[in-house]
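In the text below, chain A, chain B and the rest are named by the order of the sequence lines, each starting its count at 1.
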Amino acid sequence: MKLITAIIKPFKLDETREALTGIGVQGMTVSEVKGFGRQKGHTEIYRGAEYSVSFIPKVMIQAAVSDDIADTAVETIRSAAETGEIGDGKIFVSEITKAVRIRTGETDEEAL
Amino acid sequence: MKLITAIIKPFKLDETREALTGIGVQGMTVSEVKGFGRQKGHTEIYRGAEYSVSFIPKVMIQAAVSDDIADTAVETIRSAAETGEIGDGKIFVSEITKAVRIRTGETDEEAL
Amino acid sequence: MKLITAIIKPFKLDETREALTGIGVQGMTVSEVKGFGRQKGHTEIYRGAEYSVSFIPKVMIQAAVSDDIADTAVETIRSAAETGEIGDGKIFVSEITKAVRIRTGETDEEAL
Amino acid sequence: MKIMKTRYAASVMAARIAAPMAAFAAVMTPAIAFAADAPPKLDSGDTAWMLTSTAIVLLMTIPGIALFYGGMVRKKNILTTLMQSFAICCLISVLWMVAGYSLAFTAGGSFVGGLGKMFLSGLKVDDLSGTIPESVFITFQMTFAIITPALITGAFAERMKFSAMLWFVGLWSLVVYAPICYSVWGGGFLGKAGVLDFAGGTVVHINSGIAALVAALVIGKRVGYGKEVIAPHNLVLTVIGGSLLWVGWFGFNAGSAVAANGTAGMAMLVTQIATAGAALAWMCCEWMTHKKPTVLGIVSGAVAGLVAVTPAAGFVDPMGSLFIGIIAGTVCFWGATWLKPKLGFDDSLDVFAVHGLGGITGAILTGVFAVKAIGGTSGMLEGNAGQVWLQLYGVSVTLVYSGIATFILLKVIDAVIGLRTDEQTEREGLDLVLHGETVP
Amino acid sequence: MKIMKTRYAASVMAARIAAPMAAFAAVMTPAIAFAADAPPKLDSGDTAWMLTSTAIVLLMTIPGIALFYGGMVRKKNILTTLMQSFAICCLISVLWMVAGYSLAFTAGGSFVGGLGKMFLSGLKVDDLSGTIPESVFITFQMTFAIITPALITGAFAERMKFSAMLWFVGLWSLVVYAPICYSVWGGGFLGKAGVLDFAGGTVVHINSGIAALVAALVIGKRVGYGKEVIAPHNLVLTVIGGSLLWVGWFGFNAGSAVAANGTAGMAMLVTQIATAGAALAWMCCEWMTHKKPTVLGIVSGAVAGLVAVTPAAGFVDPMGSLFIGIIAGTVCFWGATWLKPKLGFDDSLDVFAVHGLGGITGAILTGVFAVKAIGGTSGMLEGNAGQVWLQLYGVSVTLVYSGIATFILLKVIDAVIGLRTDEQTEREGLDLVLHGETVP
Amino acid sequence: MKIMKTRYAASVMAARIAAPMAAFAAVMTPAIAFAADAPPKLDSGDTAWMLTSTAIVLLMTIPGIALFYGGMVRKKNILTTLMQSFAICCLISVLWMVAGYSLAFTAGGSFVGGLGKMFLSGLKVDDLSGTIPESVFITFQMTFAIITPALITGAFAERMKFSAMLWFVGLWSLVVYAPICYSVWGGGFLGKAGVLDFAGGTVVHINSGIAALVAALVIGKRVGYGKEVIAPHNLVLTVIGGSLLWVGWFGFNAGSAVAANGTAGMAMLVTQIATAGAALAWMCCEWMTHKKPTVLGIVSGAVAGLVAVTPAAGFVDPMGSLFIGIIAGTVCFWGATWLKPKLGFDDSLDVFAVHGLGGITGAILTGVFAVKAIGGTSGMLEGNAGQVWLQLYGVSVTLVYSGIATFILLKVIDAVIGLRTDEQTEREGLDLVLHGETVP
Ligand SMILES: Nc1ncnc2c1ncn2[C@@H]1O[C@H](COP(=O)(O)OP(=O)(O)O)[C@@H](O)[C@H]1O
Ligand SMILES: Nc1ncnc2c1ncn2[C@@H]1O[C@H](COP(=O)(O)OP(=O)(O)O)[C@@H](O)[C@H]1O
Ligand SMILES: Nc1ncnc2c1ncn2[C@@H]1O[C@H](COP(=O)(O)OP(=O)(O)O)[C@@H](O)[C@H]1O
C-alpha cells in the first residue's frame, strides 16, 4: 500500500476530494499546514512595522491507497489541484507496511 | 524503526496516550486533522442555506517506535481507540530509516 | 528521495527554515502539532480545579530532499533547532518513492 | 414658575415641527402646559437622555454592525468588514459636519434643505433644538447618518474595493440620505404629507435596504457563490453585534422622542416587545422548516423586529408591537431563506431581506396599528385606512428615489475607478490584499 | 424645605417596605414639592436615568451573561450557551408583557399579584410609576425578569435540550420569579415584613442560585465530568462578559433607586467598592492557595461582589460595602473551589457558589451593615440585631419556595419531554446537533 | 433671566480655572436660581447624565482598554493583558476610596489635597458636588483614576511581573496621579494659573504617556524585539476595544461638563468630529506612505483624536476640533511609525506616541483654538497668545513631575521585587506562567 501525501491550495480541496472519491478512494485525512517554497509570502504592516510572512496557508491531504491505484490517484490529484500558477504544491508517495481499521481490526487493503 | 500513524476520534486521545505510555512508548506527536471516510459528515444551516460539511474532526497520533514493539503498539492503539462505531479511524505503519534526538544528537533507537 | 520530518520548538522555526534554505532546500511544509515526551506539560487552574495539560505546542517541519543532501539536512536542522534543553524534539527520516510538482507535472528530484 | 412650565410645552411643540423624531409627540406633562408663546428652554433630563441615546446609537455601528456583519463573513475578510463600518463612522462624521446636517435639517425646498449651516458655522453653545442643545441634536442625527450607509455594506461584503466603498458611501450620504432625511423629518414633502416614521423605518431602513439590493445586483455575486461553502466564520461576533444593536436601538427608538418622557418610555417598551416577537417568530419558522432553531436565525429575527418597529415605536401600543414583531420576523425569514435564493442575487448578509422588507413591513403596519391615544394619529384599526396609503406613498418614494440614485452612483464609480476587487484578491482575502493585515 | 425632607424620608421608608423599585419614589425636585398631597409628576431626569438603566441592564444579559458563560464552556457548546441567554431574553419579554408584570406588580394577595394588567392592557402614555412613566418601569423590571432565569442556565450548561430549557424557563418565570418578586417588591408579605432587598439579592440572586443548584442535581453531571479536561475554551469572552456585567450592574443597583438622586449615587459608589473588594479577595485567596492569581478568579470575584452588594446597595455606606465585598469574595471562592468539589455536584459554571452563596451573604450582611442615615433602616452594627433575623427570614423563604418549585418543574418536564440531550450529542457538541451551527 | 445668564457665565469662568470637574459647577436649572446666594440643588437631569457617564467611562477600561490592548499582544499574553486592566480597575477603586479621592479633591496645599476624606468617611446621601450628589462625583472621578494607569500598561506589555505591576500602579496612583489631578482640577496651582484641561489631556493622557515612555525605557525591550515577528494576534479585539473607547469617551468628555447642558453637548459634538478627523488623517498618512490603509491604523488614529480633543472639548468649536483631530492624527502617526523606530525603545503598544504626543498636541492646540463664546477663554486665534504659553507650562510640569516620579518608583520596585519576568516565561507566555491559564 502507498501513502499519498499531497500539499495543495486550500480552495482546491473540495474539487480534489471529489476527484479522489471518483476513482474509488474512500477515505482521506486532511490537515491545515503552512508552506514555504518558490511562491513568495506576503508583507503585513502594523503601525509602520513591516513583517514579512514567508509561510503560506496550504492543505495537506493524506490518503492510503492500494498499490494498483496509487499512480492513478497521484495523477487524479495532480489534475484536480492544478491551477498552473506557482504554489500549486507537491505530491509525495511513500510505502506503508501495514494498515488497520480500528473499528473492525481488519488489516491492510481491507482496512482502507 | 517504525512510524505509527493513527487517526482516531478526538475524545479517545487521552485514553490512547495512556495506553501507549503503558507499554513503554515514551513520546508521540499529535495533530488536529479532519477526516473523510465512511462516516458521514453533517449539515449546517445558515439562513436557510444548507452546507454539507464532509470532513469530521479527528486526531492524528504519530509515534516512532522500535521494530520490536511496533505490533504491540498498533494493537494497543486499536483497542484503546475503539468504540465499535463507524469512524473509529485507521492505523498506518511505515518504515523510518533514521531518527535523531535534537537535544543530544543521539540517533535511532536511542533517540526515541 | 527522503522525507525529513522534524518536530521542534515553535520559536526555533524561523532559524531552522533559514538554515535549511541556506543549504539549498527550497521547500518545506510546516504544521502546528502537540508533543508528548520527556518534557513535562503544565497545569492550568480554573476555579480551583487543576487540569494537567500533558501536550506541549511544537512545530513539525516536513521537507522532501534528494538522497545526497539528506544527511546534511538532518544535521542542519539539528544544530539550528537545538537549545540543549529537554523538549528540543526529534528528526525522523523516511523514504519517498515518488514526488510530483503539481503545477508542471515534473517528477522526483526535479519536483523538489 | 408658570412661565417656565409654559416654555416646556412650547419646546415640545417646536420639537413636533422642527425635530423630526418627536414628530407628533404628546405633551407629556399636561399639568405644566399653560401657554403656547414662551420660548423653549433647555431641559437637563431630556438632554441627559439624548446624550445617552447618541452614545448608544454610535455603539450600534461601532462595534455593533461591525461585529454583526463581521461574524457572518469568511475569516479572510473579517478585518475588511470591520474596517468598512469604522471608516464610514469617521467619514460620515466629517461630511455631516461639512454639509449633511445642513442639507437634512435647515429650511429649504420640499425635497432638500439649505446650505446655511455648512461646517456648522455659527453654532452656539446655547442654541436649542426643542428642549435640548442643538449640538446634541446634531450629534444624535449624525449617528443615524452613520449607521444607514454602514448597513448597506452587508450587501457587497467580501468583494468591494475599499476606495470605491468610501466614494460610494460619501456621495450616497449627501445625494440620497440627506434628501430623504429632509423630506421625512427636516420639513420636506413626505413629513408634511403625514407619512409616519418615528425613528427611521423609511429614512434609515427602507433607504439602506433598497440601496443594498441595487448594490448586490450591480456588483454581482461573490466568486464561488452557490458552489463553495461560504458560511459565517464566527457567530459569536454576530451575537455580540446583534445584542449591541438591540441595546443601542433603545437610543435609536426611544431617543427619537427627543425627550425623556412617556413617549420615550412607550417607544422603548414596544421596541422590546416587537423585537422579542420577531426573534421568536423567525426561530419558530426555522424550527418548522429546517428542523433546527439556529443562533443566526434568532438574532436575525431580532434585528428584523427592531427594524420593523422603528417607524412604529412612538405610535403603537404593546399589543400592536407584538403583532408587528411576529409579522416582520416571518416576512424577513421568508425574504432571506426563500425569496433571495429564488431570485438568485447575492445580497451577502441579507440587508434587503432584513432592512428592506422589515422596513416596508413596519412602515405599512404603522399605518395599521397606530393608536391615536399614543402618538396622536389613528391607524387603520382605528378606522383611518388612509394612513396605510400614506405609508405606502412614503415607502414608494423612498424605494424609487434611493434605488435609482444608488444605481447611478455605483455605475459612475464603477466606470471611473472600478467597484470590485479582482478574483485573486477575493480568493486570498481582502484583509491581506487591501489592508495588509490578517486574523490568524 | 422641611416638608421636602419629610417626603424624602417617607419615600425612603416606603422604599424599605415596598422596595426601591416601587413606583412611589420621592419627588426629587424639592422646589416643586410644596404640598404633601400633590400628585407625583414626571421628572425628566429620573426618567432619563431609568431609560438608561433599562438599556444597560439588558446589556447584562445580552451579551453580558451570554459571553460570561460562553467563554467558560467548551468550544463545541459556545453557540448553544449564547443562544440560551438570547432566547430567554426574547421569551421572557413576551411572557412579562402577557402576564409576568401583572403577577409581580399589581395589587393582589400577599404572595402573588393580580391579573389586571395582563397584556399590559390599558397602559397609557402618561401613566406614571412614581416620577417616571409606567412604561419605563415595566421595561426596567422586564430586564430583571430576563436576567434571573438566564443566570440559571450556567448550572445545566452543555447538556440540556433547548426545548426543555424554553419550557423550564418560561414556567419558572411565571411560577417562581413573579411570586417572589411580588412578595418582596410588589406589595407582598416579605416586603411588608421589612425584609431589605434593594436591587434583587433575594429576588434575583438567591432565587436563581438555589434553582441552579436544584437543576444541577436533577439533570446530573456532564459526561466525562471529573475524568476528562472540561476547561473554559476562551476566557477572553468571559472577561468581556464580566466587564459588561459590572458596567450594566450600575443600572441594576443605582437604577433600583428609580430616580437620579443621592440614593442612586450612593448605590453606584458602594457597588463599585464592594465589587473591587470581592474581586481582590477572590484573587488573593487564589494566590495563597493555588499559587497563581487567575483571570477567571478575579472576574468571578467581581461578580460575587456585585451579587452581594445588590441587596445592600441603597442601605450601606462605603466602608460597609468594602467589608461586604471582601467577605463575599472569600465565601464564594470557598463555595466554588472547596464546597462544590466536596459535595460533588456539577453546577457547571458555579451559579450556586456565586449567585446563591453571594446572594445569601449579601442579604445577611445587609442586615448587619445597614446605616439609618443612608437608607432609613439600621442594621446590627447600629443596634438593630432584629434586621439580621428578618434578612434570614427572607433568605429562607426564597430558598425553600424556589428550591421546591424548581424541583417539581424540572421533574415534570423531564417526564414529559426529557431534560437532557443524549450522550452522543454531548460528545459531538450541542451547537452542531441542536442548532446545526459551529464555530470552527 | 439676566441673573441666570450671569451665573451661567460665572460657572463657565469657574470651569476655565478649576476645570469642568470642579465641584462648584453652575446651577443649571435657571428657574430655580433666583438669588446668587441660594445653595446649589440637586438636578436630576445632570445627575442622570453623570451616572451614565460614570458607567460608560468604566466601560472604557473594562473591557475597552483591556481589549484594545489585548488584541495587539501575542496570543500567549492575551489573558495577562486583560488581567492588568481588570485588576487595576479593582485596585484603584479601593485606593481611591481609601485616600486617592481625598488627596485629589479636598482642600489642601497648592500641589496636593488633604486627608480629611480618607475612607470617604462622613459622606452623606445628600452631599452635593455642584448639582449632583458627591457620591456620583466621587465615582465619576474614580473611573478617571482607573483608566490612567491602565493606559500605561501598554508600554510594558508582555513582560512585567503581575505583582510588580500591582505595586507600581498602586503607588503611582497615589504619588503621581492624585497630585497632578489636584493641581489641575482640585484647586491646585496649575488650575489656578489658568491652564485649560477640560477632561484630562494633562491629568490623564500626558501623565500616562510620559510614564509609559519612562516605563518602556526602564524595563527594556521584549525578548526578540526587532528580530522576531511580534504582531498583533487579533485585531478584532482591538476594533471592539477601540470602538468602546470611542463610545465611552462621550462620558469622559461630555461628562466632564458635570451637567447635561450646552457645554456637554458641544463637548460631545467636537469629540466626534476630532476623532473622525484624526482617524482619517492617520489612515491617509498610512495609505500614502505604506500603500495600504489598515484597520489598526484607523483605530489608532481615532484614539489619537480622542486623546487630543480631551483637553479642548469644552473650549473649541467644530471647525477647531476638526483641525485638532487632523493634526493629532498626523503627529501620532509620525510618533508611532517614525519616531519610535528611530529612537529604538519598545513602548510596546505606543502609549507615548498616542497618549503622550496626542495629549501634548491637544493641550497646545487648546490654547490655539479656544473660543471665548464656547468656553469663556480665548485662544491664540482670538488674540490670546498667552494661553499657548500657559498650556505649555501645564504640559512641562506634568512631563517633568510624572517622568521623574515614575522613574524613581520603577527603580525602587525593581530593586525590591524585580520588574520583569524571566526570559523563559516570556517565551512560554505570561498567561501560562503567571496565571496558569491559556486561550487555545
Ligand atoms: N521539498 C519540499 N518538501 C515538502 N514540501 C514542499 C517542498 N517543496 C514545496 N513544498 C510544499 O509545496 C508548496 C508549493 O511549493 P512552491 O515551491 O511554492 O510552488 P510549486 O509547487 O508551484 O513549485 C509549498 O508551499 C510547500 O508547502
Ligand atoms: N484511505 C485512507 N487514508 C487516510 N485516512 C483514511 C483513509 N480512510 C479513512 N481514513 C481516516 O480514518 C477516518 C475514519 O474512517 P471511516 O471510513 O469514516 O470509518 P472507519 O474507520 O470506521 O471505517 C476518516 O475520517 C479518515 O480520517
Ligand atoms: N517516539 C516519538 N515519536 C514521535 N514523536 C516523538 C517521539 N518522542 C518524542 N517526540 C516528539 O518530540 C518532542 C520532544 O520530545 P521530548 O521527549 O519531550 O524531549 P527530547 O526531544 O529533548 O528528548 C515531543 O514533544 C514529541 O512531539
Note to self: Heavy-atom pairs under 4.5 Å with chain A - which of Ser31(B), Ala70(B), Ser54(B) has more of them than the others?
What the structure shows: Ser54(B)
Next item on the list: Mind ranking Leu112(A), Ile61(A), Thr97(A) by heavy-atom pairs under 4.5 Å with chain B and telling me who comes out on top?
Entry: Thr97(A)
Notebook entry, point to check: Given that the side chain runs from C-beta out, which part of Ile86(B) has a heavy atom under 4.5 Å from chain A: side chain, backbone, both or neither?
Noted result: both
Notebook entry, point to check: Counting heavy atoms not belonging to Gln39(A), are there more than 12 under 6.0 Å from its CD?
Noted result: yes
Notebook entry, point to check: Contact part of Phe36(B) toward chain A, heavy-atom cut-off under 4.5 Å: side chain, backbone, both or neither?
Noted result: both
Check: Which heavy atom of Ile102(A) sits nearest a heavy atom of Ile7(B), and at what distance?
Finding: CD1-O, 3.8 Å
Next item on the list: To the nearest 0.5 angstrom, please state how far the CD1 atom of Ile96(A) sits from the CD atom of Glu95(B).
Entry: 12.5 Å
Note to self: Strictly below 4.0 Å, N to O, side chains only: are Lys98(A) and Asp71(B) in salt-bridge contact?
What the structure shows: yes
Item checked: Residue Lys34(B) versus chain A: region with a heavy atom under 4.5 Å -> both
Item checked: Side-chain heavy-atom pair Arg101(A), Arg38(B) within 4.5 angstrom cut-off -> yes
Next item on the list: Measure distances from Glu85(B) to the heavy atoms of chain A and classify the residue's part below 4.5 Å as side chain, backbone, both or neither.
Entry: backbone
Notebook entry, point to check: So which part of Gln62(A) gets closer than 4.5 Å to some heavy atom of chain B, the side chain, the backbone, both or neither?
Noted result: side chain
Item checked: Contacts with chain A made by residues 9-28 of chain B (heavy-atom distance under 4.5 Å), listed by residue number -> none
Checklist line | OG1 on Thr107(A) to CD1 on Ile91(B), rounded to 0.5 Å | finding: 11.0 Å
Check: In Å, rounded to the nearest 0.5 Å, how long is the span from OG1 of Thr104(A) to CD of Glu82(B)?
Finding: 8.5 Å
Next item on the list: Report the option among Ser94(B), Gly37(B), Gly89(B) that has the most heavy-atom pairs separated by less than 4.5 Å from atoms of chain A.
Entry: Gly89(B)
